[in-house]
Amino acid sequence: MIEVMVAMLLTAIATSGIIGLYIVETRASGFSRHSTEATVLAQDQIEILRTAKFIGGPITTSGLDEHGNPGGMFTRIYTATLGAGPTQPYDDLLVQVQWTEDAVPHSVILRSRRNQ
């Protein structure tokens, strides 16, 4: 009888450890996925800014999903700043994608330069 109780206790301890590990892994996997999606959204916007003649900002687009369509958790903010002539013959591009996960704000920032 005592052996069965000890075996049940050890099984319960092992099971709780495995469940805890699963919870941590799931949370980390979700953060990794959202971070990758935010980076792709920022990179897409950088490519658009590099090919367009847009100067200005900041322009904010809220509620984007991982494909850049409405209905998601991401907010994308972008600016394109005009260079300073011959000393700086390029425009500065900045894209920031923000999201909140587990009540903690996160963001990805990408910077690039575009020849004038």
Side-chain angles (χ1 to χ4, degrees):
M1 179 80 164
I2 292 177
E3 293 87 8
V4 172
M5 291 177 62
V6 170
M8 289 177 59
L9 177 65
L10 290 176
T11 303
I13 290 172
T15 303
S16 66
I18 291 171
I19 290 172
L21 183 63
Y22 176 76
I23 291 170
V24 169
E25 184 274 330
T26 302
R27 190 171 292 148
S29 175
F31 172 75
S32 177
R33 187 184 79 240
H34 293 143
S35 180
T36 301
E37 291 169 349
T39 303
V40 169
L41 281 174
Q43 186 63 39
D44 286 347
Q45 190 62 47
I46 284 283
E47 293 302 322
I48 290 169
L49 292 175
R50 288 180 62 84
T51 59
K53 290 297 179 186
F54 170 79
I55 299 294
I59 295 179
T60 302
T61 310
S62 298
L64 298 175
D65 67 4
E66 64 273 9
H67 302 292
N69 300 321
M73 63 189 287
F74 298 103
T75 299
R76 183 169 51 194
I77 304 165
Y78 58 93
T79 61
T81 306
L82 185 62
T87 59
Q88 186 181 353
Y90 50 82
D91 302 330
D92 288 318
L93 309 174
L94 173 71
V95 178
Q96 180 176 11
V97 178
Q98 304 169 339
W99 76 99
T100 302
E101 187 171 346
D102 295 331
V104 177
H106 300 282
S107 66
V108 170
I109 299 173
L110 293 182
R111 295 171 193 233
S112 184
R113 292 187 170 160
R114 167 182 67 191
N115 291 333
Q116 293 179 345

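- Using a 4.5 Å cut-off on side-chain heavy atoms (C-beta onward), I77 and V95 make no contact.
- Looking at every heavy atom in both residues, D65 comes nearest to P70 through OD2-O, 4.5 Å.
- Note that the NE2 atom of H106 and the CD atom of E101 stand 5.0 Å from one another [nearest 0.5 Å].
- Taking the charged nitrogens against the carboxylate oxygens, R113 and D92 do have a contact shorter than 4.0 Å, which makes a salt bridge.
- By the ring pair (Phe, Tyr, Trp, His ring centres under 6.0 Å) test, H67 is found to be paired with no residue, residues two or more places apart in sequence or in another chain being considered.
- The backbone N or O of F74 sits nowhere less than 3.5 Å from a side-chain atom of Q98 that would complete a donor-acceptor pair.
- Remark: Y78 OH to T60 OG1 distance equals 9.0 Å, nearest 0.5 Å.
- Annotation for S16 and I13: closest pair OG-O, 2.8 Å, computed over non-hydrogen atoms.
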query = Passes side chain to side chain contact (heavy atoms under 4.5 Å, CB included), I2 versus M5? Steps please.
reply = CA-CA 5 Å; I2 292 177; M5 291 177 62; 5.5 Å; no

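- In this structure, CG in L21 is found 9.0 Å from OG1 in T26, a value given to the nearest 0.5 Å.
- Side-chain contact between W99 and V108: present, with at least one pair of heavy atoms (C-beta onward) separated by less than 4.5 Å.
- Of the inter-residue distances, the one linking T79 atom OG1 with L94 atom CG reads 4.5 Å to the nearest 0.5 angstrom.
- With hydrogens and angles ignored, the 3.5 Å screen pairs no side-chain donor or acceptor of R114 with any backbone N or O of I46.
- To the nearest 0.5 Å, atoms CE (M73) and OG (S62) are separated by 13.0 Å.
- For the pair L93 and R111, the minimum side-chain heavy-atom distance is 4.5 Å or more.
- With rounding to the nearest 0.5 Å, the separation of CG in L64 from OG1 in T75 is 7.0 Å.
- With sequence neighbours left out, the salt bridge (Lys or Arg N to Asp or Glu O under 4.0 Å) criterion links R33 to E37.
- With sequence neighbours excluded, the residues satisfying side chain to side chain donor-acceptor pair (under 3.5 Å) with S112 are R50.
- Distance alone, capped at 3.5 Å, is enough to place a donor-acceptor pair between the T39 side chain and the S35 backbone.
- Residues V40 and V97 do not share a hydrophobic cluster, clusters being chains of Ile/Leu/Val/Met/Phe/Trp/Tyr side chains in contact below 4.5 Å.
- E66 is not listed as a side-chain neighbour of L41, based on a closest heavy-atom distance of 4.5 Å or more.
- Inter-residue side-chain proximity for R76 and Q45 is flagged as met; some heavy-atom pair is nearer than 4.5 Å.
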